[in-house]
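Heads up: numbering here begins at 1 and tracks the sequence. Quick caveat: nothing in here was measured; it's all calculated off a predicted structure.
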Amino acid sequence: MARTATIVRSTSESHVELSLDLDGTGKTEIDTSVPFYNHMMTALGKHSLIDLKIKASGDTDIDAHHTVEDVAIVFGEALKQALGDKRGIRRFADATVPLDEALAKAVVDISGRPYVVCSGEPEGFQYAMIGGHFTGSLVRHVMESIALHADICLHLQLLAGRDPHHIAEAEFKALARALRFAVEPDPRVTGIPSTKGAL
């Protein structure tokens, strides 16, 4: 059974078309209209092995915030839809990813209960302007939007880092690797991996 989803979301602030395949090879076609975000979502698809297509536009003349947030919301919704009843998945996974001086750890539970804990980013990171359009504060906002709309528990911890680009990229790649293993079918799991019988 295909674990895919396609979602279109239009508001007065943005238009997002997104499709994904959880059992892909990491092939991506990304155009969010925010260059650095394109880079991050490309990395997310590549390292999670989730095939991902995104076409988004919005009021980036005002701020990148609305478009970035709405893409994250749609990605979370599509992830939840593609997972279905979560039968046979590994469910839990973690990944620690370096990028030069930066080191990030992501721990994921495909739990059906949204919760997010982000820690370790250096003071001032939230104000950093990365690539001319993307503020450091958007990284946490993206993570929160994905987790809340996918109904997953995410703990994201920055263990080291100085360069804002490296910090953000390590965090996105850590999430990608954790998602890769958490959504992956486990041949030893039969049914839904929960003592409750539902996720």
Side-chain angles (χ1 to χ4, degrees), residues 3-5 7 9 16 18 20-24 26 37 40-41 43-52 54 68-99 102-121 125-126 136-161 167-199:
R3 298 193 303 161
T4 61
I7 294 179
R9 183 178 192 267
V16 181
L18 185 149
L20 59 76
D21 181 350
L22 297 184
D23 300 306
Y37 198 31
M40 294 300 96
M41 295 306 290
L44 181 58
K46 178 71 172 180
H47 296 289
S48 65
L49 297 184
I50 295 173
D51 288 350
L52 184 60
I54 303 173
V68 168
E69 176 183 46
D70 290 349
V71 167
I73 287 170
V74 174
F75 178 79
E77 290 174 345
L79 184 60
K80 179 179 178 180
Q81 182 176 313
L83 281 164
D85 66 4
K86 309 177 184 76
R87 187 176 303 273
I89 65 168
R90 295 188 186 279
R91 177 179 168 180
F92 302 100
D94 65 274
T96 304
V97 173
L99 179 56
L103 183 65
K105 180 176 183 177
V107 184
V108 169
D109 177 9
I110 310 296
S111 61
R113 297 183 311 280
Y115 203 92
V116 183
V117 178
C118 296
S119 63
E121 292 174 350
F125 172 73
Q126 65 269 36
S137 64
L138 285 174
V139 175
R140 179 175 299 195
H141 193 51
V142 167
M143 300 299 171
E144 290 169 343
S145 297
I146 290 172
L148 294 176
H149 289 271
D151 284 348
I152 64 176
C153 176
L154 168 64
H155 285 248
L156 182 66
Q157 184 178 13
L158 184 73
L159 303 172
I167 289 170
E169 189 166 342
E171 290 176 320
F172 271 87
K173 287 178 176 177
L175 173 63
R177 292 290 289 184
L179 280 176
R180 172 184 172 178
F181 296 114
V183 306
E184 190 174 59
D186 184 336
R188 296 180 64 195
V189 173
T190 58
I192 296 167
S194 170
T195 55
K196 296 190 296 292
L199 287 172

When every non-hydrogen atom of Arg3 is compared with those of Ala82, the smallest separation belongs to CB-O, 3.5 Å
Between Pro185 and Asp23, the two heavy atoms sitting closest are CD-OD1, 4.3 Å
Distance-only, no hydrogens or angles: does the Arg140 side chain make a donor-acceptor pair with backbone N or O of Cys118 under 3.5 Å? yes
For Ala43 and Ala176 the tightest heavy-atom approach is O-CB, 4.1 Å
With Met41 as partner, the option from Val68, Leu18, Leu52 fulfilling side chain to side chain contact (heavy atoms under 4.5 Å, CB included) is Leu52
- Query: Are any non-hydrogen side-chain atoms of Ile152 and Leu179 less than 4.5 angstrom apart?
  - Reply: yes
Asp21 meets the salt bridge (charged side-chain N to carboxylate O under 4.0 Å, His left out) criterion, sequence neighbours left out, with none
CD (Glu77) and CZ (Arg9) are apart, to the nearest 0.5 Å, by 6.5 Å
Sequence neighbours excluded, the answer for side chain to side chain donor-acceptor pair (under 3.5 Å) partners of Asp151 is Lys80
| Crowded around Lys86 NZ? As in, over 12 foreign heavy atoms under 6.0 Å? | yes
Ala178 and Ala106 have their tightest heavy-atom pair at CB-O, 3.8 Å
Output for pair (Glu171 CD, Gln157 CD), nearest 0.5 Å, gives 10.5 Å
Do Leu199 and Ile110 have side chains that approach each other closer than 4.5 Å (heavy atoms only, starting at C-beta)?
no
Non-hydrogen side-chain atoms of Phe172 and Val139 separated by less than 4.5 Å:
yes
Partner of Leu22 under side chain to side chain contact (heavy atoms under 4.5 Å, CB included), picked from Leu49, Leu79, Thr4, Asp51, is Leu79
Distance col, row Glu144:CD vs Leu138:CG, nearest 0.5 angstrom, shows 11.0 Å
The side chain to side chain donor-acceptor pair (under 3.5 Å) partners of Arg91 (sequence neighbours excluded) come to Asp109
* With a 4.5 Å limit on heavy-atom distance, are the side chains of Glu69 and His141 in contact? -> yes
> Are any of the side-chain heavy atoms of Val189 and Ile89 separated by less than 4.5 Å?
Replying inline: no
d(Arg87 CZ, Thr190 OG1) to nearest 0.5 Å is 9.0 Å
On a heavy-atom basis, the closest approach of Ala170 and Leu99 is CB-CB, 4.2 Å
Here the gap from Asp85 atom CG to Ser194 atom OG, rounded to the nearest 0.5 Å, amounts to 12.0 Å
Residues passing the side chain to side chain contact (heavy atoms under 4.5 Å, CB included) test with Glu184, sequence neighbours excluded, are Arg90, Phe181
Sorted by chain and number, sequence neighbours left out, side chain to side chain contact (heavy atoms under 4.5 Å, CB included) with Leu148 holds for Pro114
Interatomic distance, CD1@Ile54 vs CG@Leu44, rounded to 0.5 Å, equals 8.0 Å
Here the pair of heavy atoms bringing Leu154 nearest to Ala147 is CB-CB, 4.2 Å
* Asked: Hey, are the side chains of Val142 and Val71 touching, using non-hydrogen atoms and a 4.5 Å cut-off?
  -> no
Item to complete: Evaluate the side chain to side chain contact (heavy atoms under 4.5 Å, CB included) criterion for residues Val108 and Leu175: first the C-alpha distance (whole Å), next the side-chain angles of each, then the deciding distance (0.1 Å), finally the verdict.
Response: CA-CA 8 Å; Val108 169; Leu175 173 63; 4.2 Å; yes
Residues passing the ring-ring contact (aromatic ring centres under 6.0 Å, His included) test with Tyr37, sequence neighbours excluded, are Phe134
